[in-house]
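First comes the structure, then the notes that go with it.
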Amino acid sequence: PPWEKLEEGLQLGLFSAQFDGGDPFEVVFLRIDPAYFDFTVETASSEKQSLPLEAWATRKGLIAAINASMYLPDGVTSTGYMRQDDYINNKRLVRRFGAFFVAGPRQEGLPRADILTREDPQWQELLEQYRLVIQNYRMINDERRILWSPGGPLYAISAVAEDGAGKILFLHCREPLEAYSFAHALLHLPLDVRTVMYVEGGMQAGLVIRSPGLHQELRGRHLADFWVTGNVRAQLPNVLGIRRRHAPALPDCPRRCRRMMAGHARYTDFFLCILRARAGTSFVKNFFIKKNYYYSRKTSLQRGRLGSK
């Protein structure tokens, strides 16, 4: 598949599909390895306002973000159950919503991110073992069976899915089409897509990517919408985003130090290179404490102030 690596643990895929008699359309996939990223829900309840998707990502320092769920007429509450840590956006478990995106396990041995379904006999117990839970409709179950019927309105779609390797997928199709057609296309692409969870449709369906390898916002397009980029200013109350887990590695030695090493530089010069790379760490602090102590002791011995223990 035409995957492009944006950074470690994050890949972008662009796939084209077409049905008989229909226009071709593209589906954007963002494949996320939970080993490298943490998932978070950002809500209007905490910020006291809804924001466009790009604004959410910028304000909260998200590498990528997508709609968390549809929402009720109050403009804040998710249509399904949603919580993160002690914050509960909607405490009601909706019977007809069969998928639960979960992340942040409270005990070892559980996946760092997963999509649970009501078909799992332990789904209720498992929900309690995760910090983050978002409930939505299922489009495709883990046996790759489409759960939606053909027909229905045409609209752009955002979805969250899981593949057979346990990677999480943020999906977006900006062209209006039936939900069944979207699901059918996913199963016929060269991907091992398993459970797929619908999160939003229409002009508000979006996906934003703010990785060092790509900075782009995608928005759904309505049939009567002549904006090529869609409604980029749609205000969203709840978004699902990712942040990188691991801190960046220590900086490499400067080129000047590497040249000195190659030329059999003095040990002290090379050691300064290490100190520069580890500036501010306890290693450096302890080194200078000891260095000052031994320097003071040596000076005192030379001046006859201390005995030679």
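We're numbering straight along the sequence, starting at 1. Computed from a predicted structure; not experimentally measured.
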>> So, applying side-chain contact (heavy atoms from CB on, under 4.5 Å) with Thr195, which one of Arg144, Arg138, Glu143, Glu119 is it?
In response: Arg138
Carboxylate-amine/guanidinium contact [X] [Y], below 4.0 Å:
X	Y	result
Arg245	Glu8	no
Arg118	Asp120	no
Glu217	Arg219	yes
Arg31	Glu162	no
Arg131	Asp85	yes

Side chains of [X] and [Y]: does their closest heavy-atom pair fall under 4.5 Å?
X	Y	value
Val28	Glu26	no
Leu126	Phe100	no
Leu177	Phe25	yes
Asp33	Leu10	no
Lys60	Glu47	yes
Ile32	Phe39	yes
Thr79	Val94	no

When rounded to the nearest 0.5 angstrom, what is the spacing between [atom1] in [X] and [atom2] in [Y]?
X	Y	atom1	atom2	value
Ile157	Glu178	CD1	CD	9.5 Å
Leu236	Asn67	CG	CG	5.5 Å
Leu14	Leu12	CG	CG	7.0 Å
Leu53	Thr58	CG	OG1	9.5 Å
Ile134	Met82	CD1	CE	5.0 Å

Side-chain donor/acceptor of [X] to backbone N/O of [Y], under 3.5 Å:
X	Y	result
His172	Phe29	no
Gln135	Tyr81	yes
Asn90	Ser78	yes

Hey, any chance [X] and [Y] share a hydrophobic cluster, counting ILVMFWY side chains that come within less than 4.5 Å of each other, even indirectly?
X	Y	answer
Tyr71	Val199	no
Ile146	Leu169	yes
Leu127	Met197	no

>> Tell me whether the count of non-hydrogen atoms from other residues, nucleotides or ligands lying under 6.0 Å of CD in Gln122 goes above 12.
In response: no
> Under the salt bridge (Lys or Arg N to Asp or Glu O under 4.0 Å) criterion, do Arg243 and Glu42 qualify, and how do the steps go?
Replying inline: CA-CA 12 Å; Arg243 295 189 183 96; Glu42 304 298 341; 3.0 Å; yes
>> Testing the basics here: between Ile66 and Ala159, what is the closest heavy-atom pair and its distance to 0.1 Å?
In response: CD1-O, 3.5 Å
> Does the side chain to side chain contact (heavy atoms under 4.5 Å, CB included) test come out yes or no for Leu62 and Ile242, once each step is laid out?
Replying inline: CA-CA 6 Å; Leu62 305 176; Ile242 59 171; 6.0 Å; no
> Is the Trp148 ring parallel, tilted or perpendicular to the Tyr198 ring (thresholds 30°, 60°)?
Replying inline: tilted
>> Whether Arg244 engages the ring of Phe37 as a cation-pi pair (distance to the six-membered ring centre under 6.0 angstrom, angle to the ring normal within 45°) should be assessed.
In response: yes
Less than 3.5 Å apart, which donor and acceptor atoms pair up between the side chains of residues 101-113 and the rest of the protein, not counting sequence neighbours?
{"residue": "Arg106", "atom": "NH1", "partner": "Glu128", "partner atom": "O", "Å": "2.9"}
{"residue": "Arg106", "atom": "NH1", "partner": "Tyr130", "partner atom": "O", "Å": "3.3"}
{"residue": "Arg112", "atom": "NE", "partner": "Pro34", "partner atom": "O", "Å": "2.9"}
{"residue": "Arg112", "atom": "NH2", "partner": "Asp38", "partner atom": "OD1", "Å": "2.3"}

> What pairs with Asp163 under side-chain hydrogen bond (donor to acceptor under 3.5 Å, both in side chains), at least two apart in sequence or on another chain?
Replying inline: none
